[in-house]
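Take a look at the structure set out below.
Just so we're clear, the structure is a prediction, and the values are computed from it rather than from any experiment. Every chain is numbered from 1, with letters handed out A, B, ... down the list of sequences.
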Amino acid sequence: MRQILAMMRKEFKQIFRDRSMVAIIFLIPVIQLFILANAITLDVMHIKLLVADLDNSRVSREMIQAFSHTKRFDIVGMTRNLDGIRRDFRSWRAQMVLIIPPKFGRNLERRLNPRIQFDVDGVDGNTAGVALGYARGILTQFGETILQNPGWRASLQGVHLISMEERMWYNPELDSRQFIIPGIVVVLLTLLPMMLSSMSLVKEKETGTLEQLIVTPMKKYELILGKLIPFLILSYVELTLVMVIAIFFFHIAMNGSYFLLGELSFVYLFTTLGLGIFISTVTSSQQQAMFLSWFISIFIILMSGFFIPIENMPDVLQKLTYLNPMRYFMYIVRDIFQKGSGLKYLLQDAIPMTAYGVFVLSVSVLKFRKRVE
Amino acid sequence: MNLSFRRVWAITRKEFLHIIHDSRTLALVFLMPILQLILYGYALNLEIQRVDMAVIDYSRSTASRHLIETFNGSRFFRLFELNENPSQVGTLFKERKAKVAMVIPPDFARKIRKRFTTPVQFLVDASDANAATLIRNYCNRVILTYNINSGNKIQLPFNMGSTVFFNPNFTSAYFFVPGLIAMILIMISALLTSVTIARERETGTLEQILVSPIKPAEIMIGKVFPYIFLAFLDASMILAFGAFGFKIPFVGSLTLLLILSILYIILSLSLGLLISTVASSQQVAMMIAQTATVLPTIMLSGLIFPIASMPKWLQYLTYIIPARFYLLIVRGIVLKGSLLAELLTPIAVLVVMTVLFLIAAVWKFQINLEK
Amino acid sequence: MPAKISAKIEQLTRRFGKFVAVNRVSLEVYQGEIFGFLGANGAGKTTLIRMLSGLLTPSSGSATVAGFDVMRESEAVKKNIGYMSQRFSLYADLTVEENMEFYGGIYGLPNHAIQAWKNAFFEKVGLTPFVRRLTHDVPLGFKQRLALGCALIHNPPVLFLDEPTSGVDPEARREFWNLLYELADQGKTIFVTTHFMDEAEYCHRVAFMRLGNLVIYGTPTELKRKFNQTSMQDVFLKLSGSEEDKE
């Protein structure tokens, strides 16, 4: 016990003496939180729309107004030169062009069904698809208002439509931060413990102090516990810090139990700390350890459902995500935050995650030898 | 300046040997792009494969069955019937057995014959807001099909047509794969060079080289040359993969892309050089390079996430990220065949950035030498 | 010379793959002796010391240190030895006293014992002015003394010093050796590796190692007489020379 305490005291001293370390632990995550929370959004807004109004009638101007009234579109200019559209796309001036043909207003009056044309830059497939959908939606609404006019009513006879009445559960405003920020919590509880534990063990290896520790009668478990407990405590401090910012600054709804979150974080932290020890056993310098943990983290973050839903991936990749410990914790944290899920519903993730943690930690502890080879 | 090719070559050769002997760097240089190609090409798919939908049908009529059939027939949904009341849907969402539930009201069959519009309720698990948006769009599409198929002669007073340029099928790999070049180039040029120079300083070999008659410029050119070579190798690998693996067409001028890429590489190298001059050790160099180049390139350059949707303050921040501008160039040339004249703005920005970084880096390097 | 055996080494061998780093070394070392291992880099000195201190598992052979078997009772061995490596394995970002307190904690000593040892030792070796300095900023000679103090904190009967004087100036080296004599007089057994031939003269007995083999050992006087030389430096040259002749 005394040995573990001596180890812990030393770890804390080393961390707090190193200013850049303190910044890495407390400042950088907060900055990351602010940037990621705002950067990660797949909402499509402010689409650059170029308008070619070749008609210039009252109705065409009303139509253009329907586009200028939404945040979805930014009208970047008017053009009359249809041949220049390709060039406007190539120079990234516009993403979409709304073409209102000559005599549109007059042909509309004559019930000739004139044609509105959209030219879309399809390079960004996702944005283009969504933008086209929005544009059609706006025009459909516009058309329906015309149909409500007395002169057009007759055409609605015998039409019976289904309309969609949607209820968005847990996040009625569809604010993407509500699920990105809990995700960031997971990312931070992955990166920090992994980096800290791998780097600090490798540093002892590099400077030879690990050898010095090995010749002492200290037990292996005492050495590892003395190392891990400070990182565990720091991770909890970090968790609290990020949670406070999330809840009070970003107004993220926390619908579940803090206790459950804390408890399952404990299990997960053992996995990530274990990964850190593992990295330290296969590398010999801090640089290598950093490379490797960085490599691993990019991979597991992308495959965790953090910003690409796992459901979107091809089957093979979806199956691969079962090997990713972060996947489980991502579901757990998001469900606790948003759905307020209890343990009963989270067992499907908690059980494999715990198994994973026990496995990773025991493999790395076994691999970590109290001998030098 | 009177540069000796022989001295530059000596440095270059040595640097190549370092790289070849360092399996980890080699792995980073070649494995990373391949892994990322796979991830970005396949995993970065913004379409949901299939959504589980629970159906609560209170109507049990021909009309409601017809609606269910229409949903079943679409490729978006996997349906199952639920004989419980809508309050149970919460449990379903928590168990993650369904992401959306359709509730057809008891008077559905009667209303649909009389009214202009009849509402059908969709309960969506919006805990993933992006997925929820997609689900809503899919539901809308199916309902549209239903409305058309059930003999409605609804016609808007005008038609809508659309032409999609460059990528008619909205394939997401078109967008992401060439974009990778921006990231790989900066990663290799900035990250690796900053680390390699910091390493020379740490081990004292930089001093050793400096006492030889070699000029600082020769060192720099000699050192960065292998990385330019590697960067080009990676870029061609990505383009080849894109063309053959993902069938991405190369529309524009390869020469133009090459020339502008050199500009971007020089920019990245000056950034790397600058980082190495302020970093005291390899580790610090790596930390700075990571936070200053790789992360912003992924998050804030428009590589994945649309800049226009970010808040204003963050959008201003993206203006200092070189990749933001290079992405316009590489995507423009590869996918759209953009011409030089059409890319003047991003090119001008890159030139200005390059000059600034280069001045800062050389200036700082000189100061360090005199110390 | 007291006859109490402090370390008994029999046929001790260590291989790394095909390379034999230490080849069937047998030795007996007595309590209170300062025993030196000499030899060029890669001769196997460090490997031998690492096996004796429980850092490396021997491939074959056996050894007891302070009465415990290094293979089977390595944990008990560790309680009875102090170890100091050529890198003076200290935490550069901890202060001088924090390093000492840390190692004391690691050996499970109560706080008052640590404080008592620390104060006495620092006073004795002149570290007192540096106690609150970061170890990083302390001159090398003082780092060396601090490392020795850390290795001695649990009062071990056997001490292993791997190139303890590398990089330290002659003045500091001489003082360091005075400390070692004092320790030997208290009955501690000290193993030391070195490549300074003048230091070989200070040892009670020395052993020459070459390519993993123990070539010869004895007191410096014995060895000098045997090879008919006036200094250990010459003995060493003679030994290396005769080896080369054989090749």
Side-chain angles (χ1 to χ4, degrees), chain A residues 38-43 45-46 89-92 108 113-129 132-133 136 139 143 146 159-171 174 176 179 286-288 290-291 302 308-309 311-314 317 334 338-339 341 345, chain B residues 24 39 42-46 48-49 94-95 112 117-132 136 139-140 143 146-147 152 154 156-168 170-172 175 282-283 286 299-300 305 308-311 314 328 332 335-336 338 342:
Chain A
N38 288 302
I40 299 183
T41 167
L42 295 167
D43 287 350
M45 286 200 281
H46 305 288
F89 286 156
R90 283 198 306 242
S91 60
W92 301 93
L108 196 71
N113 273 319
R115 185 184 168 94
I116 296 287
Q117 168 72 20
F118 290 111
D119 281 1
V120 189
D121 175 355
V123 159
D124 181 355
N126 175 52
T127 303
L132 201 55
R136 285 173 187 277
L139 281 196
I146 297 178
V159 172
H160 304 287
L161 299 178
I162 289 182
S163 65
M164 182 178 173
E165 192 186 283
E166 65 195 29
R167 295 274 150 77
M168 293 295 176
W169 283 34
Y170 312 120
N171 185 3
L174 292 183
S176 55
F179 88 111
Q286 290 181 75
Q287 200 197 332
Q288 286 175 10
M290 199 138 126
F291 253 36
L302 276 173
I308 315 162
E311 292 92 333
N312 294 16
M313 300 175 188
L317 288 187
R334 281 182 172 163
Q338 299 192 83
K339 301 183 186 172
S341 297
Y345 300 110
Chain B
R24 261 166 295 264
L39 280 172
Y42 292 113
L44 256 185
N45 190 348
L46 301 172
I48 299 189
Q49 304 290 328
K94 284 184 184 172
E95 287 168 346
I112 194 141
T117 57
T118 308
V120 172
Q121 207 178 51
F122 289 88
L123 310 174
V124 184
D125 173 357
S127 60
D128 180 337
N130 292 344
R136 177 172 59 190
C139 288
N140 263 323
I143 287 174
Y146 176 86
N147 283 339
N152 283 308
I154 172 92
L156 288 177
F158 50 84
N159 290 322
M160 283 183 261
S162 56
T163 313
V164 179
F165 287 64
F166 313 121
N167 178 11
F170 299 134
T171 313
S172 41
F175 194 58
Q282 291 178 65
Q283 205 185 321
M286 196 134 152
M299 293 296 165
L300 298 176
F305 308 109
S309 305
M310 296 173 190
L314 202 54
L328 300 180
L335 301 167
K336 308 187 194 186
S338 300
E342 291 156 352

Below 4.5 Å, heavy-atom pairs only: which of [options] has the largest tally toward chain A?
options: B:Gln121, B:Met310, B:Glu95; answer: B:Gln121
options: B:Pro157, B:Ala308, B:Ser338, B:Pro168; answer: B:Pro157
options: B:Leu314, B:Leu335, B:Leu328; answer: B:Leu328

Checking [X] against chain B: side chain, backbone, both or neither under 4.5 Å from a heavy atom?
X: A:Gln117; result: both
X: A:Leu108; result: side chain
X: A:Leu317; result: side chain
X: A:Glu165; result: both
X: A:Tyr170; result: side chain
X: A:Leu139; result: both

- All ring-ring contact (aromatic ring centres under 6.0 Å, His included) counterparts of A:Phe118, not counting sequence neighbours: none

- Query: Who wins among A:Asn171, A:Ile40, A:Leu302 for the most heavy-atom pairs under 4.5 Å with chain B?
  - Reply: A:Ile40

Please give me the minimum heavy-atom distance between [X] and [Y], naming the atom from each residue.
X: A:Ala39; Y: B:Met299; answer: CB-O, 4.0 Å
X: A:Ser176; Y: B:Ala129; answer: CA-CB, 3.9 Å
X: A:Gln338; Y: B:Ala126; answer: OE1-O, 4.3 Å
X: B:Asn167; Y: A:Gly122; answer: ND2-O, 2.9 Å
X: A:Pro309; Y: B:Asp128; answer: CG-OD2, 3.6 Å

- Show the numbers, then the answer: is there a side chain to side chain contact (heavy atoms under 4.5 Å, CB included) between A:Thr127 and B:Phe175? CA-CA 10 Å; A:Thr127 303; B:Phe175 194 58; 5.9 Å; no

Does any non-hydrogen side-chain atom of [Y] lie less than 4.5 Å from one of [X]?
X: A:Leu132; Y: B:Phe170; value: yes
X: A:Ile162; Y: B:Tyr146; value: yes
X: B:Cys139; Y: A:Glu166; value: no

Has [X] got a side-chain atom pairing as donor or acceptor with [Y]'s backbone, closer than 3.5 angstrom?
X: B:Ser309; Y: A:Met45; value: yes
X: B:Asn159; Y: A:Arg115; value: no
X: B:Lys336; Y: A:Val123; value: no

- Task: Sort B:Leu123 into side chain, backbone, both or neither according to what part of it lies under 4.5 angstrom from a heavy atom of chain A.
- Result: both

- Message: Under 4.5 Å from any heavy atom of chain A, what part of B:Leu300 do you find: side chain, backbone, both or neither?
- Response: side chain

- Query: Rounded to the nearest 0.5 Å, how far apart are CZ of B:Arg136 and CE of A:Met164?
  - Reply: 7.0 Å

- Residues in salt bridge (Lys or Arg N to Asp or Glu O under 4.0 Å) with B:Asp125, at least two apart? A:Lys339

